Amino acid sequence: MDNYNNRDKILSILYESFNQWVSGEDISRKLCISRTAVWKNINILRDAGYLIESSNKSGHRLISSNNVLNEFAIKRGLSTSVFGRKNILIFKSTGSTNIEAFKLATEGGAEGSIVIADKQESGKGRMGRLWSSPSGKNIYVSLILRPEIPPYLAPRLTIVSAVALSDTLIASGIPAHRIKWPNDILVGDKKLSGILTEMKGDTDSIEFIIIGMGVNLNSSLEDFPTELRNTVSSFYMILNRITDRNDFLRQLLSCFEKYYNLFLAGEFSTILSIWKERADIINREIKVQQFNEIFTGRVIDLNEDGNLIVDSGGTIRTVNSGDINYL
Ligand code: BTN
């Protein structure tokens, strides 16, 4: 707890006794601060959105994080042993969590460290696009990975992440979704989440990998720019209720760690089979858009790396990058 300020320490104490009264005197004794300082910090926490009840007789009790992103809420009941156990950096606002995670990893940030933001000023999407990141509602998270694998296996982690995210959706009340190659998640034809995988290394070895995930949780259609409104969806639009971001992140970390460990144990084929079941892509006619060309064809299968095998007018082509659309 040495790195935390008194406000964080108070929050941590309140989380340890979630929903139960903790006396101001106990807090002030534990932290060696005055009871006035305790009150002042409790009020600041309340201003930040936390629902904290206070009484002269009983002290203080935390009733709800009220969807304010915070480390202690994520860690409460977290079942992982690596992800979310190291650094958890939370930004009120940042350019991109992937950029922040990249910086942290470059400075030595351990595998399992995560970077989260309430809002991204210029969230990065695939293929140079922007990821719309309205404030205070959705999930923008980046994970640091340091797998000891050859670089050519790194793209498989995109499939691993998509299956982990898909499991998280099932656990969070959205079982009816499809994965769109390589790693978008759609409900109907609307996009609910996207994943951006970035890597630092050379041809022989990987220094680190950043898995960035954006999930539209509590945003309404009006939170998105007009040009996206026909193509996006959110948990809120589907379930008509608010989803707690800390709970969602905890679930996501646990699903991610489960599949990442399976991948490291050499079980990628199991993960790929799950991906195929949830993607409904085999035999579909698609349009492929790559950097310098567009072509159409029928998907025959996925190879063992998760690349699409497409029959394009009799020519069999392997697709390992780019965008696809169903025809
Ligand atoms: C896509 O184009 O579908 C990928 C979107 C990935 C967005 C996430 S949000 C968290 C992380 N930080 C970023 O800047 N991008 C990813």
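One-based numbering, in listed order, for ligands and for the atoms of each. The shown structure was predicted, so the numbers you read here are calculated from the model rather than taken from an experiment. Values below: all heavy atoms of this structure, side chains included; hydrogens, waters and symmetry mates excluded.
- Within ligand 1, counting atoms from 1 as listed, the ones closer than 4.0 Å to a heavy atom of S96 are 12 (N), 13 (C), 14 (O).
- A salt bridge does not link R126 to D184: none of the charged side-chain nitrogens sits closer than 4.0 Å to a carboxylate oxygen.
- Other members of the cluster containing L228 are L221, F224, V232, M237, with ILVMFWY side chains joined at under 4.5 Å, either directly or via other members.
- The aromatic rings of Y50 and Y15 sit perpendicular, their planes meeting at an angle over 60°, well past the 30° parallel limit.
- Scanning the protein heavy atoms around atom 2 (O) of ligand 1, the nearest turns out to be R126 N, 2.7 Å.
- Annotation: side chain of S96 is not in contact with side chain of W131 (no heavy-atom distance under 4.5 Å).
- The shortest contact between atom 5 (C) of ligand 1 and any protein heavy atom is with W131 CE3, 3.3 Å.
- For atom 7 (C) of ligand 1, the nearest non-hydrogen atom from the set K124, K191, Q120 belongs to K124.
- For ligand 1, the atoms lying closer than 4.0 Å to a non-hydrogen atom of D184 are 3 (O).
- With hydrogens left out, the protein atom closest to atom 10 (C) of ligand 1 is T97 OG1, 3.2 Å, a heavy atom.
- At a threshold of 4.0 Å, the pair R250-D244 does not count as salt-bridged, since none of the basic side-chain nitrogens sits closer than that to a carboxylate oxygen.
- Ligand 1 is never approached by R129 to a heavy-atom distance shorter than 4.0 Å.
- Residue-level proximity to ligand 1 for V141 is carried by the backbone, the only part with a heavy atom below 4.0 angstrom.
- N70 and N246 make their closest contact through N-OD1, 3.0 Å (heavy atoms, listed as atom of the first residue, atom of the second, distance).
- Residue-level proximity to ligand 1 for S122 is absent, since no heavy atom of it falls below 4.0 angstrom.
- Residues A105 and R146 come closest through the heavy atom pair O-NH2, 2.8 Å.
- Contacts of I195 with ligand 1, taken as heavy-atom pairs under 4.0 Å, involve the backbone alone.
- Atom numbering of ligand 1 starts at 1 in the shown order; those under 4.0 Å from a heavy atom of G123 are 14 (O).
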Review point. Do V141 and F248 pass the side chain to side chain contact (heavy atoms under 4.5 Å, CB included) test, and can you show the C-alpha distance, the side-chain angles, and the key distance before you say yes or no?
Key: CA-CA 11 Å; V141 60; F248 183 88; over 6 Å; no

